[in-house]
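Quick caveat, the model's predicted, so the values are computed rather than measured. First listed ligand is number 1; within each ligand, the first listed atom is number 1.
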Amino acid sequence: MEFSVKSGSPEKQRSACIVVGVFEPRRLTSVAEQLDIISEGYISNLLRRGDLEGQAGQMLLLHHVPNILSERVLLVGCGKERELDERQYKQIISKTVKKLNETGSMEAVSFLTELHVKGRDTYWKVRQAVEATQDTLYTFLQLKTKKDGLRRPLRKIVFNVSTRRELSIGERALEHGLAVAQGSKTAKDVANMPPNICNPKYLLEQAEILAAIYDNLHVSSVNEKQMVDLEMHSYLAVGRGSVNESIMTIMEHKGGPSGQAPIVLVGKGLTFDSGGISLKAGEGMDEMKYDMGGAAGVLGAMHTISALNLPINIVGILAGCENMPDANAYRPGDILTTMSGQTVEVLNTDAEGRLVLCDALTYVERFDPELVVDVATLTGACVVALGKHASAVFSNHNPLAHELINASEQSGDKAWRLPLWDEYQDQIESPFADMSNLGGRGAGAITAACFLSRFTRKYNWAHMDIAGTAWVGGKNKGSTGRPVPMLSQFLINRAGIETED
Ligand code: BES
Ligand code: MN
Ligand code: ZN
């Protein structure tokens with residue numbers, strides 16, 4: 001999709017379709033009013049006759065409106081003017097795009113970006129419009145043999161801003177929105193790819209494809225043999241039951257001065273989590289192909305920041321691995337020595353994410369990081385706690401937690417902090433090893449974070465549990481591309497780039 005911003009009046013547009021809002025009950029937005037005047041009351045007449053009430057998401061497509069230069073006018077219900085909030089705005093944008101795609105208009109000029117959204121500015125409205133549009137139009141058809149596409153799909157949208165003064169901020173919002181959407185698409189594509197194709201090596205190859213495009217991006221990897229030399233025995237144990245070799249992919253974006261401490265992102269990349277010897281139940285097990293959602297999110301965020309060429313150093317780690325039952329698989333009862341030297345008693349081979357991450361988190365000490373954020377579909381307990389709307393954030397450093405929560409609010413990619421209090425550490429004590437990989441009954445998301453916290457004492461660190469947010473199941477199943485928007489926002493902020501009017 002091609003996007004642009006413009007500042008013009010509706011009656012002067014010569015487009016396949018112009019999109020204007022109508023509030024409930026039957027109240028024209030100022031833009032719709034301008035069209036109404038030019039068309040000698042054509043629109044208000046229709047509303048009076050009851051063709052459109054203005055409820056959020058209602059659509060009325062008009063052809064050949066008198067005195068209007070555009071071929072079509074799409075009236076979009078925006079609900080009650082005072083109640084138009086972020087969520088409704090995004091829903092309206094999404095419904096409009098679906099409608100436009102069906103109408104046969106290949107381009108459109110949208111005035112919806114001029115709507116007043118509580119507490120949000122033009123930058124936000126344009127950027128969210130771009131992201132919501134790309135998200136709505138996303139499909140994963142790579143493995144379908146018949147790709148039945150639309151005959152006349154929407155190709156170009158112009159977003160209108162109310163004054164010329166807002167054009168430059170609108171342009172920046174477009175640029176950022178496109179970069180975030182591109183990163184989200186990368187995350188979705190790799191996450192939706194089935195586990196017989198998407199294995200740890202595939203993750204590495206996707207990183208290499210990006211590195212071939214962007215000069216500042218460099219990729220290297222650590223294979224099993226090298227992990228043995230590094231004594232990453234915990235990571236290695238998880239992959240031992242799989243014929244797909246464990247591979248840790250390292251992506252380095254060198255946008256800042258050499259010597260500047262990098263921000264490090266670490267993604268859990270379980271390309272399939274069967275549970276191992278502690279095998280999962282069959283129902284829904286296919287969804288465990290998404291257990292590499294953390295790595296997908298890191299890959300996507302690396303794509304976004306490469307596209308924006310942020311002037312800071314950033315390292316992205318994709319901790320690729322597959323957890324399978326096998327004669328060679330690790331077992332409950334095994335005691336592993338992690339790269340940090342600490343020992344772990346395995347009580348459940350399905351609590352594998354923390355075993356992979358702990359070694360990756362020790363590995364990244366070599367970068368002397370400014371800070372480290374890991375992202376993981378780590379616990380079912382996180383889904384119980386927060387459902388599918390918010391990711392969980394944990395941190396050993398309050399300012400970092402606040403920065404991440406702020407980035408989440410700015411980007412609309414919701415996250416909520418959970419505690420990492422020492423009281424919870426008792427739950428992972430083991431009589432035989434330094435700790436166990438199982439926290440027992442309560443607070444499963446927190447005890448998993450507590451486990452990781454024992455490997456991150458040397459730097460400022462945050463952990464994001466995205467078990468509930470990385471994908472959706474059911475008939476509209478698929479990766480969400482989260483938390484690419486929030487990670488990207490966090491990094492944009494870190495680079496000192498303004499994202500407000
Ligand atoms: N990848 C799963 C977590 C998960 C489960 C994410 C369902 C999303 C939906 C993780 O490896 C896992 O299996 N965790 C176990 C931990 C338990 C054995 C302590 C869980 O949550 O049940
Ligand atoms: Mn598991
Ligand atoms: Zn897992």
- Task: Using heavy-atom distances, let me know which of L438, L378, I466, L347 sits nearest atom 10 (C) of ligand 1.
- Result: L378

- Query: Considering only the protein, which heavy-atom contact is closest to atom 6 (C) of ligand 1, and what is its distance?
  - Reply: A467 CB, 3.6 Å

- Query: Under 6.0 Å from the six-membered ring centre of Y138 and within 45° of its axis: does the NZ or CZ of K185 meet both?
  - Reply: no

- Task: Measure from the Mn ion (ligand 2) to every N/O/S atom of D273 and report the name of the nearest one.
- Result: OD2

- Message: On a heavy-atom basis, I'd like to know which of M288, K268, R354, M292 is closest to atom 5 (C) of ligand 1.
- Response: M288

- Message: Side chains of Q489 and N493 only: does a donor on one sit below 3.5 Å from an acceptor on the other?
- Response: yes

- So for K280 against ligand 1, with non-hydrogen atoms under 4.0 Å, the contacting part is side chain

- Note on the structure: Contact region, D291 to ligand 1, non-hydrogen atoms below 4.0 Å, reads side chain

- Query: With the Zn ion (ligand 3) as the point of reference, which N/O/S atom of D291 is the closest?
  - Reply: OD2

- Can you find an N or O of G380 that's nearer than 3.5 Å to an N or O of ligand 1? yes

- Task: Kindly indicate whether a cation-pi arrangement holds for R87 with Y89, taking the cut-offs as under 6.0 Å to the six-membered ring centre and within 45° of the axis.
- Result: no

- Nearest to the Mn ion (ligand 2) - the N/O/S atom of E352, by atom name: OE1

- Query: With the Zn ion (ligand 3) as the point of reference, which N/O/S atom of D273 is the closest?
  - Reply: OD2

- Message: Could you check whether any heavy atom of F451 sits closer than 4.0 Å to an atom of ligand 1, since that is the contact criterion I want to use?
- Response: no

- Is R494 paired with E370 through a side-chain N to carboxylate O contact shorter than 4.0 Å? yes

